[in-house]
Asks: 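Here's a structure for you.
All chains are named by letter (A, B, ...) in the order of the sequence lines, taking the proteins before the strands, and each is independently numbered beginning at 1.
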2 protein chains.
Amino acid sequence: MARIPSETAVNDLVQSVGLLIRRIRAAVASNELSLSEMSVLARLSREDPATTADLARAEGVKPQSMGTTVAALEDGGYIERTPHPTDGRQMLLAPTAKGLALRTSSRAAKRTWLAHAISQLDKADQETLFAAGEIMRKLVDRDPR
Amino acid sequence: MARIPSETAVNDLVQSVGLLIRRIRAAVASNELSLSEMSVLARLSREDPATTADLARAEGVKPQSMGTTVAALEDGGYIERTPHPTDGRQMLLAPTAKGLALRTSSRAAKRTWLAHAISQLDKADQETLFAAGEIMRKLVDRDPR
DNA sequence: TATTGTTATACTCTATAACTATA
DNA sequence: TATAGTTATAGAGTATAACAATA
């Protein structure tokens, strides 16, 4: 426990967070995929095939919202769906060759604006930033809607 | 300078930032105004009357985008516009009594979900969080679009 | 020419509600 | 009943483009 933060401190923090996420979106938008889509494609590329519901839980959005993202990725040919072997309700999602190619293209990784910008920070700032990421998660988890 | 962060560290950070801003939006949505609108109203309440262009610069959005936010606030009767005394192009924006009432209602301030959640963190986490806010700003400012 | 502001249009992201199919 | 997924609809937030008025 500490104290209640000043209103301007909170406002500044919210603005910083908003600016950063907009800046990230703008940077990603120069690629073929949007930020949400890239995030899901990245997850499917490094983890096992997953269902829409799995992805929604992992990304912290509603299943219907994830349905939209997943549909866009499938329309673009970046992921494909196969029926679950035993559960007829589920569809397993996995990256296609096209999806993997976009991901593994070293250019895509190196061009990530945020990774590059962070690499220019000194070590202390990097550590503060990533530590704050976990604190943000604590805030959200502690008091979910 | 430090090193290039791992991709998963960056992805986790982006997700944390996204989760937090969504959580904040959801919390604010229970009030009469949206997050963008509250932010602008707060600024006009603590600073001098400003133009749409001023506000756009201060909040880091395009003037057209700010025009939308400002129009919503004016439609709701939270702010009002008066012509600039010497510059015929400009309209000065200031809160109305209704806008100030919403702002100064202590309930509005105390009910801010984020301020409350932050108050429950220990002092070290609070400091890390606010320090990270400034680092995020550095990231955005260092390499603007 | 530059700036302020407006209007039109569109995209991203996400949500809620209502529904079907399967477990 | 609970879960997975789909479809429809809506709202917040922001952007780009094109324009008129004023500086």
Asks: Grab the NZ-C1' distance between A:K62 and D:dT9 for me, whole Å please.
Replies: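 Spelled out: NZ on A:K62 to C1' on D:dT9 is 17 Å.
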Asks: Below 4.0 angstrom, which residues in residues 45-59 of chain B have at least one non-hydrogen atom near DNA chain C?
Replies: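 The answer is B:T51, B:T52, B:A53, B:R57.
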Asks: Can a side-chain donor-acceptor contact be found between A:E32 and A:Y78 if the only test is distance below 3.5 angstrom?
Replies: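 Per modelled atom types, A:Y78 and A:E32 side chains form a pair under 3.5 Å.
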Asks: Think A:R81 has a side-chain N or O under 4.0 angstrom from the OP1 or OP2 of D:dT6?
Replies: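 Yes, because at least one side-chain N or O of A:R81 sits under 4.0 Å from OP1 or OP2 of D:dT6.
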Asks: Rounded to whole Å, how long is the line connecting atom CZ of A:R22 with atom C1' of C:dT14?
Replies: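 For the pair A:R22 CZ and C:dT14 C1', the rounded distance is 17 Å.
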Asks: For the CD atom on B:E47, are there more than 12 heavy atoms of other groups (residues, nucleotides or ligands in this structure) within a distance under 6.0 Å?
Replies: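 Enclosed.
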Asks: Under 3.5 Å, is there a donor on one side chain and an acceptor on the other for A:T128 and A:D125?
Replies: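 A:T128 vs A:D125: no donor-acceptor pair found between side chains.
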Asks: Could you state the atom-to-atom distance from CG of A:L93 to P of D:dA4 in whole Å?
Replies: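 Spelled out: CG on A:L93 to P on D:dA4 is 13 Å.
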Asks: Kindly say if A:S34 contacts the phosphate of C:dC11, meaning a side-chain N or O under 4.0 Å from OP1 or OP2.
Replies: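 For C:dC11, OP1/OP2 do not have a side-chain N/O of A:S34 under 4.0 Å.
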Asks: With a sphere of 6.0 Å drawn around CD1 of A:I4, does it hold more than 12 non-hydrogen atoms of other residues, nucleotides or ligands?
Replies: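 Not more than 12 within 6.0 Å, no.
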Asks: Measure CE/A:M91 against P/C:dA21 and give the value in whole Å, please.
Replies: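 Atom-to-atom, A:M91 to C:dA21, this comes out as 16 Å.
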Asks: Please report the distance, rounded to the nearest Å, between CD1 in A:I21 and C1' in C:dC11.
Replies: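 Checked: the CD1 to C1' distance equals 16 Å.
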Asks: Distance check needed: D:dG13 P versus A:L19 CG, whole Å only.
Replies: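 So the two atoms are 14 Å apart, to the nearest Å.
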Asks: Does the pair B:R103/A:E7 count as a salt bridge with the N-to-O cut at 4.0 Å?
Replies: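 Yes, charged N to carboxylate O under 4.0 Å.
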Asks: Looking at C:dT14, I'd like to know if its phosphate oxygens (OP1 or OP2) sit under 4.0 Å from a side-chain N or O belonging to B:R23.
Replies: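 Checking B:R23 against C:dT14: no side-chain N or O falls below 4.0 Å of OP1 or OP2.
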Asks: Assess the side chains of A:S39 and A:E59: does a donor N or O sit below 3.5 Å from an acceptor N or O?
Replies: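 There is such a pair (donor and acceptor under 3.5 Å, judged by atom type) between the side chains of A:S39 and A:E59.
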Asks: Between D:dG5 atom C1' and A:H84 atom NE2, what is the distance in whole Å?
Replies: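 A:H84 atom NE2 is separated from D:dG5 atom C1' by 14 Å.
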Asks: Please list, for nucleotides 21-23 of chain D, all pairs of protein and nucleotide N/O atoms separated by less than 3.5 Å.
Replies:
residue, atom, partner, partner atom, Å
D:dA23, OP1, B:T86, O, 3.3
D:dA23, OP1, B:G88, N, 2.6

Asks: What's the spacing between A:L92 CG and A:I79 CD1 if we round to 0.5 Å?
Replies: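 A:L92 atom CG to A:I79 atom CD1 measures 11.5 Å (nearest 0.5 Å).
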Asks: Would you kindly say whether A:Q90 and A:D87 are connected by a side-chain donor-acceptor distance under 3.5 Å?
Replies: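 Looking only at side-chain atoms, A:D87 and A:Q90 do form a donor-acceptor pair, the distance falling under 3.5 Å.
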Asks: Which is true for A:T68 with a 4.0 Å heavy-atom rule: it touches a base, it touches only sugar-phosphate, or it touches nothing?
Replies: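 Contact class for A:T68: base.
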Asks: For C:dT14, does either OP1 or OP2 sit under 4.0 Å from a side-chain N or O belonging to B:R25?
Replies: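 Answer no for this pair, as no side-chain N or O of B:R25 is under 4.0 Å from OP1 or OP2.
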Asks: Is a salt bridge present between B:R57 and B:D54, judged by a nitrogen-to-oxygen distance below 4.0 Å?
Replies: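 Yes.
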Asks: Taking it one step at a time, do B:T69 and B:M66 satisfy side-chain contact (heavy atoms from CB on, under 4.5 Å)?
Replies: CA-CA 5 Å; B:T69 302; B:M66 184 53 68; 4.2 Å; yes
Asks: Side-chain N or O of B:S65 versus OP1/OP2 of D:dA15: is the shortest distance under 4.0 Å?
Replies: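 Answer is yes, contact under 4.0 Å.
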Asks: Rounded to the nearest Å, what distance is computed from the CE atom of residue B:M66 to the P atom of nucleotide D:dT16?
Replies: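 After rounding, the reported distance stands at 15 Å.
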Asks: Here's a test of your reading of the structure: between B:Q64 and A:P63, which maps to the more 5' nucleotide of DNA chain C?
Replies: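 The residue whose closest nucleotide sits nearer the 5' end is B:Q64.
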